[in-house]
Amino acid sequence: MKRIITQLFKFTYFASCFWYFFTIPAQAYIDPSAVTYIIQAVAGVLIALGAAFTIFRHKIFAFFKKNKKNGEAEGAAIEFKDVDD
């Protein structure tokens, strides 16, 4: 138990020293319009990823459905005939 407490203390000590010595305070201002732009960019990426995921999911399901239909009913193909008037 004493060893765990010692390791936890060492980790906390080195993490706090690292944080204190290697972080630089930024005297900056983030404009609300910049935040809106970031939100729009993140939303656009999420929407694009969702659309890509949906398209690939439908293609994968269609591939397996096609194989299932071909295996069950090979002779059930629809034939179209031209009708001459």
Side-chain angles (χ1 to χ4, degrees):
M1 183 69 175
K2 186 176 179 181
R3 183 176 178 215
I4 294 172
I5 293 173
T6 306
Q7 287 179 345
L8 185 62
F9 177 74
K10 286 180 185 178
F11 175 76
T12 307
Y13 176 74
F14 287 117
S16 61
C17 287
F18 181 82
W19 182 267
Y20 180 75
F21 289 119
F22 294 110
T23 57
I24 300 170
Q27 305 293 327
Y29 170 73
I30 298 176
D31 190 40
S33 64
V35 175
T36 303
Y37 180 71
I38 293 170
I39 291 171
Q40 288 176 354
V42 169
V45 168
L46 292 176
I47 290 169
L49 289 174
F53 175 74
T54 302
I55 289 170
F56 286 120
R57 181 181 54 147
H58 285 293
K59 285 185 179 184
I60 291 170
F61 286 157
F63 176 75
F64 286 115
K65 276 187 175 181
K66 184 173 72 171
N67 286 345
K68 185 177 179 183
K69 286 181 182 177
N70 287 343
E72 289 178 354
E74 291 181 11
I78 299 173
E79 294 182 20
F80 294 100
K81 298 181 181 180
D82 290 335
V83 178
D84 293 328
D85 289 326

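Shown are F22, F21, Y20; of these, the side chain to side chain contact (heavy atoms under 4.5 Å, CB included) with F18 is made only by F22.
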Using residues 33-50 as the side-chain source, report each donor-acceptor pair under 3.5 Å to any protein atom, sequence neighbours left out, with the distance given to one decimal.
unit_1: S33; atom_1: OG; unit_2: D31; atom_2: OD2; d: 2.4
unit_1: T36; atom_1: OG1; unit_2: P32; atom_2: O; d: 3.0

Side chains of residues 1-16: which donor-acceptor partners sit under 3.5 Å, not counting sequence neighbours?
unit_1: T6; atom_1: OG1; unit_2: K2; atom_2: O; d: 2.8
unit_1: T12; atom_1: OG1; unit_2: L8; atom_2: O; d: 2.8
unit_1: S16; atom_1: OG; unit_2: T12; atom_2: O; d: 3.0
unit_1: S16; atom_1: OG; unit_2: Y13; atom_2: O; d: 2.9

